[in-house]
Amino acid sequence: MRVLVTGGAGYIGSHTLIELHASGHDICVVDNFDNSSPEALNRVTDLIGAPVEFHQVDIRDRAALDRVMAAFRPEVVIHFAGLKAVGESAKLPLRYYDVNISGTLSLLESMQTVGCNRIVFSSSATVYGAPHYLPFDENHPCAPTNVYGHTKHMAEQILTDWTAANPAASVVLLRYFNPVGAHPSGRIGEDPRDVPNNLMPFVAQVAVGRREKLSVFGDDYDTPDGTGVRDFIHVTDLARAHVSAIGYAAGHSGTEVFNIGTGRGYSVLEMVTAFARASGRDIAYEIAARRPGDIARSEADPSKANALLGWQAEQGLEEMCASTWAWQSGNPQGFESS
Ligand code: NAD
Ligand code: UFG
């Protein structure tokens with residue numbers, strides 16, 4: 001299929017390009033490098049051994065997007081482009097609504113100019129908010145507790161309303177749990193611009209000596225060791241879920257939502273121990289106060305994706321840590337290392 005990938009230079013997008021190429025799809029990437037580096041696309045080109053069609057375009061720029069659509073005429077769009085930092089979203093709400101909502105509207109309108117009516121959207125488990133029960137299934141009520149989560153939930157609603165008005169349209173909403181890991185080559189990976197907000201990149205930067213120690217946000221949760229538990233999913237497994245999702249979108253109309261997780265949670269301290277083992281480095285840490293807004297546990301019920309997408313996570317904790325370490329140790333300053 002001809003697949004337009006917005007945000008394809010980013011962490012999850014770059015890994016997905018590799019899986020799309022391996023499955024024989026034609027790819028066109030749109031990204032404005034707001035949170036990524038051209039070097040990521042250079043490395044994807046090296047890894048797949050073929051050039052990747054790329055346009056430096058902001059998805060809110062309708063005229064530029066329309067030109068890309070008219071030239072490439074995608075059969076499906078995978079929409080990664082967006083802003084994702086929970087803390088920043090509270091400080092810059094208008095920017096988050098602009099990029100994540102206006103950007104999505106602009107993209108849908110542009111798709112309509114070429115009759116493209118299939119889209120796979122990057123949503124997040126954060127739309128569920130605090131758990132009423134665990135694991136989260138797709139019927140769990142949605143009550144996001146932060147601006148970023150609101151934008152994802154609203155975008156889901158916009159996409160759902162769009163399919164209701166366009167019976168031929170197909171929307172696949174993928175609610176990711178906690179993506180971690182890197183391509184096994186260690187050539188691409190997660191490259192946060194500032195101090196990492198997320199656990200895994202922070203741990204990796206401690207291991208490589210860029211940061212002194214990890215703050216573990218709370219050890220008094222109602223979990224086996226008192227630290228937060230998350231459903232970490234290897235980014236390569238997540239990338240493969242997108243290949244399955246475009247196949248699903250091609251054969252169905254309407255909106256369908258899927259949890260993308262492993263169904264197995266690990267605690268913060270389990271992650272620290274596993275990463276120390278994979279890297280052979282001590283991970284210095286201290287117990288700090290709980291981070292406001294955090295929940296004790298988040299785990300997916302991925303059975304709907306297993307059944308309807310024919311997809312399931314294959315990589316375990318060891319691969320998550322080993323690949324992150326291959327990336328971080330080979331590129332201590334991320335893509336700037338090259
Ligand atoms: P990322 O920041 O690495 O990638 C997003 C990409 O979109 C970047 O390359 C960025 O430059 C680009 N972009 C941002 N604004 C743009 C704009 N206006 N026009 C064109 N390109 C733009 O993030 P990621 O981790 O790869 O996440 C991809 C998607 O998955 C995001 O929508 C994110 O909200 C969602 N998601 C991520 C996680 C996670 O933990 N990483 C979890 C759940 C959902
Ligand atoms: N944690 C620490 N120290 C850190 C960073 C995180 O102890 O320096 C802990 C957190 O308190 C939490 C766990 O590690 O218990 C995971 O935290 P992350 O920030 O890595 O991930 P979250 O589950 O908070 O959120 C992530 C993304 C969201 C997304 C959500 C669900 O940041 O955007 O997963 O997909 F919505």
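The first residue in the sequence is number 1, and the count goes up from there. Counting convention: from 1, in listed order, for ligands and their atoms alike.
Residue-level proximity to ligand 2 for N198 is carried by backbone and side chain together, each with a heavy atom below 4.0 angstrom. In F177, the part holding a heavy atom less than 4.0 Å from any atom of ligand 2 is the backbone. At a heavy-atom cutoff of 4.0 Å, ligand 1 is contacted by the backbone of S123 but not by its side chain. Here K152 has side-chain heavy atoms under 4.0 Å from ligand 1, and that is the only part of it that gets that close. The side chain of Y148, and not its backbone, has at least one atom closer than 4.0 Å to an atom of ligand 1 (non-hydrogen atoms only; side chain from C-beta on). Only backbone heavy atoms of S215 (N, CA, C or O) come within less than 4.0 Å of ligand 2; its side chain stays farther off. At a 4.0 Å heavy-atom cut-off, ligand 2 touches L199 through backbone and side chain alike. Looking at T126 against ligand 1, nothing comes within 4.0 Å, counting heavy atoms. Residue contacts with ligand 2 for V229 are absent, since no atom lies close enough (heavy atoms, distance under 4.0 Å). Under 4.0 angstrom from ligand 1, the non-hydrogen atoms of V99 all belong to its side chain.
Residues F33 and F54 bring their aromatic ring centres within 6.0 Å. Close placement of the F80 and H242 rings is indicated, their centers lying within 6.0 Å of each other.
For ligand 1, the polar-atom distance check finds no N/O of E190 at less than 3.5 Å from any of the ligand's N/O atoms. Between S124 and ligand 1, no pair of N/O atoms sits closer than 3.5 Å. Checking only distances, A9 never comes within under 3.5 Å of ligand 1, N or O to N or O. Ligand 2 has an N or O atom lying under 3.5 Å from an N or O atom of R230, backbone or side chain. Polar contact with ligand 1: absent for H79 (N/O pair, distance under 3.5 Å). Considering both main-chain and side-chain atoms, N198 never comes within under 3.5 Å of ligand 1 through any nitrogen or oxygen pair. Ligand 2 has no nitrogen or oxygen under 3.5 angstrom from a nitrogen or oxygen of F202.
Aromatic ring pairs are classed by plane angle as parallel below 30°, tilted from 30° to 60° and perpendicular above 60°; the pair F275 and W325 is perpendicular.
Set against the non-hydrogen atoms of S124, the atoms of ligand 2 under 4.0 Å away are 29 (C), 31 (C), 35 (O), 36 (F). For ligand 2, the atoms lying closer than 4.0 Å to a non-hydrogen atom of A125 are 31 (C), 35 (O). Short contacts between ligand 2 and Y148, defined as distances under 4.0 Å to a heavy atom of the residue, involve ligand atoms 33 (O), 36 (F).
The heavy atom nearest to atom 4 (O) of ligand 1, out of those in A64, G10, A40, P201, is found in G10. Atom 20 (C) of ligand 1 has its nearest heavy-atom neighbour, among V57, L41, L107, in V57.
Protein heavy atom in closest approach to atom 24 (O) of ligand 2: R291 NH2, 2.9 Å. Looking at atom 21 (O) of ligand 2, its nearest protein heavy atom turns out to be N178 ND2, 3.1 Å. Distance from atom 14 (O) of ligand 2 to its nearest protein heavy atom, with residue and atom name: V268 CG2, 3.4 Å. Taking atom 26 (O) of ligand 1 as the reference point, the nearest protein heavy-atom neighbour is I12 N, 2.8 Å.
The line from CD1 of I18 to OG1 of T45 is 9.5 Å long, rounded to the nearest 0.5 Å. Distance CG/D219 to CG/D225: 8.5 Å, rounded to 0.5 Å. Rounding to the nearest 0.5 angstrom, the gap separating the CG atom in L159 from the CG atom in L108 is 5.5 Å. The CZ atom of R187 sits 4.5 Å away from atom CZ of R43, with the distance rounded to the nearest 0.5 Å. Between I188 atom CD1 and F335 atom CZ the span is 6.5 Å, to the nearest 0.5 Å. Atom OG1 of T126 and atom NZ of K152 lie 10.5 Å apart (nearest 0.5 Å).
The closest side-chain heavy-atom distance from Y148 to E88 is not below 4.5 Å.
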